[in-house]
S.K.: 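There's a structure below that I have some questions on.
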2 protein chains.
Amino acid sequence: MKKNKPTIHEIARLLNIDSSTVSRALNNSNLVTQKTKDKVLKKAKEIGYQRNLLASNLRKSKSNTIGVIVPRISRHFFSSTIAGIEEASYAQGYNVIICQSMEKLEREIKIVNNLISNRVDGILVSVSMETTEDTHLKQFDLSNIPLVFFDRALSEMPNSKVLIDSIKASYDVTQHLIDQGCRKIVHIGGPATLDIYKDRFKGYKQALQENNLPFEENRVYTSALNEQEGRKIIKTLIDLGIEFDGIFSANDLAAIGAIKYLKSVGIKVPQDVAVAGFSNEPISEAIEPSLTTVDQSGYEIGRIACNLLLDRISRTDNESAIAKSVTLSPTLIIRESSKRKK
Amino acid sequence: MKKNKPTIHEIARLLNIDSSTVSRALNNSNLVTQKTKDKVLKKAKEIGYQRNLLASNLRKSKSNTIGVIVPRISRHFFSSTIAGIEEASYAQGYNVIICQSMEKLEREIKIVNNLISNRVDGILVSVSMETTEDTHLKQFDLSNIPLVFFDRALSEMPNSKVLIDSIKASYDVTQHLIDQGCRKIVHIGGPATLDIYKDRFKGYKQALQENNLPFEENRVYTSALNEQEGRKIIKTLIDLGIEFDGIFSANDLAAIGAIKYLKSVGIKVPQDVAVAGFSNEPISEAIEPSLTTVDQSGYEIGRIACNLLLDRISRTDNESAIAKSVTLSPTLIIRESSKRKK
DNA sequence: ATTTAAGCTACAATCGATTGTAAAAACAAA
DNA sequence: TTTGTTTTTACAATCGATTGTAGCTTAAAT
């Protein structure tokens, strides 16, 4: 019934040669005559041989696979980075295992153990919102598995990272809102456990200060940055009677929630309140008014991070073992939600 | 330098017992005393042992992994199915390898070979738009690897599939447009090589016929169903002077392209032309006017398909070997882009 | 023809875990 | 104490491919 898959031994037996020769032939070793190689290749094709990577990897103690951990693939930014990662790894013959933490630390820990058990050769991580501890990620170091962070990194870990300049981006966004006449700008931030959100806050604050605008504690809120939270925060602000004429949200979803709520209560965007988000999700262009935001070029981030990792995996000299930090500068995309002047 | 990871032999050596006992202890076999198990578990934790799944899987000739091939994960529908798949496989301790064909047959073929080499225990596929041949997918059968299709299936293959009732859904959408007063409805379809697009067309045609509306060839177009194509098709129609008062697109992106173009030339949606899409991408709710569409409950499809597959993998009786087709009924979501009546 | 070198191939160990079975240990019964 | 039974552990083969090395072939050089 269950026909066993052919092995190199099967080929060797049929050809009356040794399996080691078959192995070398299939790997195009120069220890084997072209004639033998041809014979082996022909027979292999004939009986439908397909290399068992489990065995091969075990022997070589190398899986030719890298693991990727992202919060969730449904976010456009992350699926872009994954596209970039796949492109880079594909080019060098590496496989990619994609895992979603769903923003849960517990899940992230399970994924880590699993990837180590699967003996991945390297790992790319963008941590979950719940991740404050690094004990689980340190396991990769202990197992000698190179790790590169992208976008969401843990600052206390010395690994290579590929980030965007969140401070500058936020500064630019905030400055833009100020240029449009905003004086009382609300900031919807993410959990301060993550550097990117701390930085977005920093850039915001910095822009206010440099423009001699007062910084008010009650205009800053942190949340899980989904649409619902965005709505809720703005509703609360209004209910409390806190005045504001601009909103800078640390991501697009929360910004969209905010816009929808503002529209629902008759507040005009951008005339009464100008709004800007972060990440340039496709939806940001579609909503009405279209959302001013920051493009993070996820594809590039993924590509660069992956190449950094692959370089680290393949080279063993000290040079490549040094952690590198790459910072990309994001671009401000100005759309209707913040355009007040002609 | 490179410390080798501890193995069961290491544990065995330290405890002065045999590695087979260690293995059984770690697998909680009842051939080992509780006392020994405790000893082993303690030592394993102490030296940071982590099972080498490559070795384990090789010996068991079972990878505990299922492969998933989707066109692209950035489509919301597919990332939803993946979420469903992960949920189901997670519950049964299976790993998931996610692969994107990027709608390319060539890429799909490479992925197939790779997954077989990695000895996945089963496979879930939604084929690319270019996939008309089934030779590469037949390899799974030859290798005795169960395969279940979801959403986009190849009708000539007898495998289990989980689909939505595209005909009925399209019929409902078209009927809805007719109810709103449309008489000349354009259909933007996908490649007829895929059943789902053929079915969407069938449902459309059927609704026209049952309402005694003429079917006009020049109101039907097939395309790659992206935003740009949607734009282009509608532009062409208008330039050619072909009249229409409704559009039923086989996916949301093309519908959105159509709406954007219509708006740009001053044609009012839904007053002049009512528009409906398919898939319920998040963006369909955000655009203005919001898009009438069909929800495919991707999460459910993924969950069901995965359970079907896992059932097929674990059970070996004839019963489970029978191909099952599950058809879900999708729900019509009526939004602004088609609402003409109060 | 003989030596020497170079080119190929075969042998055997190895990667780390699993598993059927033989052997040993523990315990109970006679 | 001896025999019989049941638990528990050790031995050894196995999964499929890779790789260092010994040995055999072949061809070139003397």
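Residue numbers start from 1 in every chain, and the chains themselves are labelled A, B, ... in the order their sequence lines are given, proteins ahead of strands.
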S.K.: Please enumerate all residues that pass side chain to side chain contact (heavy atoms under 4.5 Å, CB included) together with A:Leu14, with sequence neighbours excluded.
M.R.: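 With sequence neighbours excluded, A:Leu14 shows a side chain to side chain contact (heavy atoms under 4.5 Å, CB included) to A:Glu10, A:Lys43, A:Ile47, given in chain and number order.
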S.K.: To check you understand the geometry: which heavy-atom pair defines the closest contact between A:Phe77 and A:Gly298, and what is its length?
M.R.: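 That closest heavy-atom pairing would be CE1-CA, 3.6 Å.
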S.K.: Does A:Arg24 have any side-chain hydrogen bond (donor to acceptor under 3.5 Å, both in side chains) partners at least two apart in sequence or in another chain, and if so, which?
M.R.: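 By the side-chain hydrogen bond (donor to acceptor under 3.5 Å, both in side chains) rule, A:Arg24 matches no residue at all.
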S.K.: Is any side-chain heavy atom of A:Asn113 closer than 4.5 Å to a side-chain heavy atom of B:Gln50?
M.R.: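 They are in contact (side-chain heavy atoms under 4.5 Å apart), so the answer is yes.
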S.K.: At 4.0 Å (heavy atoms only), tell me whether B:Asn27 reaches a base, stays on the sugar-phosphate, or touches nothing.
M.R.: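 The residue B:Asn27 makes sugar-phosphate contact but no base contact.
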S.K.: Might you work through the salt bridge (Lys or Arg N to Asp or Glu O under 4.0 Å) test for A:Glu46 and A:Lys39, ending with a clear yes or no?
M.R.: CA-CA 10 Å; A:Glu46 185 185 321; A:Lys39 257 197 322 193; over 6 Å; no
S.K.: Which sits closer to the 5' end of DNA chain C, A:Thr36 or B:Ala55, going by the nucleotide each is nearest to?
M.R.: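 Result: A:Thr36.
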S.K.: Using a 6.0 Å cut-off, check whether atom CD of B:Glu106 has over 12 heavy atoms from anything other than its own residue.
M.R.: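 No - once you tally the heavy atoms of other residues, nucleotides and ligands closer than 6.0 Å, there are 12 at most.
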S.K.: Go through residues 42-54 of chain B and report each residue with a non-hydrogen atom lying under 4.0 Å from DNA chain C, sorted by number.
M.R.: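 Within residues 42-54 of chain B, the residues near DNA chain C are B:Tyr49, B:Arg51, B:Asn52.
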S.K.: Applying side-chain hydrogen bond (donor to acceptor under 3.5 Å, both in side chains), can you list everything that pairs with A:Ser20, at least two apart in sequence or on another chain?
M.R.: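 A:Ser20 satisfies side-chain hydrogen bond (donor to acceptor under 3.5 Å, both in side chains) with A:Asp18 only.
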S.K.: Strictly by salt bridge (Lys or Arg N to Asp or Glu O under 4.0 Å), give each pair with a member in residues 149-159 of chain B just once, sequence neighbours left out.
M.R.: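 Found B:Glu103-B:Arg152.
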S.K.: Run the side-chain hydrogen bond (donor to acceptor under 3.5 Å, both in side chains) test against A:Asn28 and tell me which residues pass, sequence neighbours left out.
M.R.: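 Counting only residues at least two positions away or on another chain, A:Asn28 forms a side-chain hydrogen bond (donor to acceptor under 3.5 Å, both in side chains) with A:Lys37.
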S.K.: Scan residues 48-71 of chain A for pairs that pass salt bridge (Lys or Arg N to Asp or Glu O under 4.0 Å), counting only residues two or more places apart or in two chains.
M.R.: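 Of all non-adjacent pairs touching residues 48-71 of chain A, those that pass salt bridge (Lys or Arg N to Asp or Glu O under 4.0 Å) are A:Lys62-A:Asp121.
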S.K.: What are the residues of residues 6-23 of chain A, sorted by number, that bring a heavy atom to within less than 4.0 Å of DNA chain C?
M.R.: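 Residues of residues 6-23 of chain A under 4.0 Å from DNA chain C: A:Asn16, A:Ile17, A:Asp18, A:Ser20, A:Thr21.
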S.K.: Quick one: does A:Leu41's side chain get under 4.5 Å of A:Leu26's, heavy atoms only?
M.R.: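 A side-chain contact under 4.5 Å exists here.
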S.K.: Which residues pass the side-chain hydrogen bond (donor to acceptor under 3.5 Å, both in side chains) test with A:Ser155, not counting sequence neighbours?
M.R.: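 side-chain hydrogen bond (donor to acceptor under 3.5 Å, both in side chains) list for A:Ser155, sorted by chain: A:Asp195.
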S.K.: Using a heavy-atom cut-off of 4.0 Å to chain B, what are the terminal contacting nucleotides of DNA chain D, in 5' to 3' order?
M.R.: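 Contacts span D:dT8 to D:dG16, reading 5' to 3'.
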S.K.: Produce the list of close N/O pairs, under 3.5 Å, pairing protein atoms with atoms of nucleotides 23-25 of chain C; give distances to one decimal.
M.R.:
none

S.K.: Which residue pairs satisfy the side chain to side chain donor-acceptor pair (under 3.5 Å) criterion with at least one member in residues 124-134 of chain B, sequence neighbours excluded?
M.R.: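 Found B:Glu108-B:Thr131, B:Ser128-B:Thr131, B:Glu133-B:Thr135, B:Asp134-B:Lys138.
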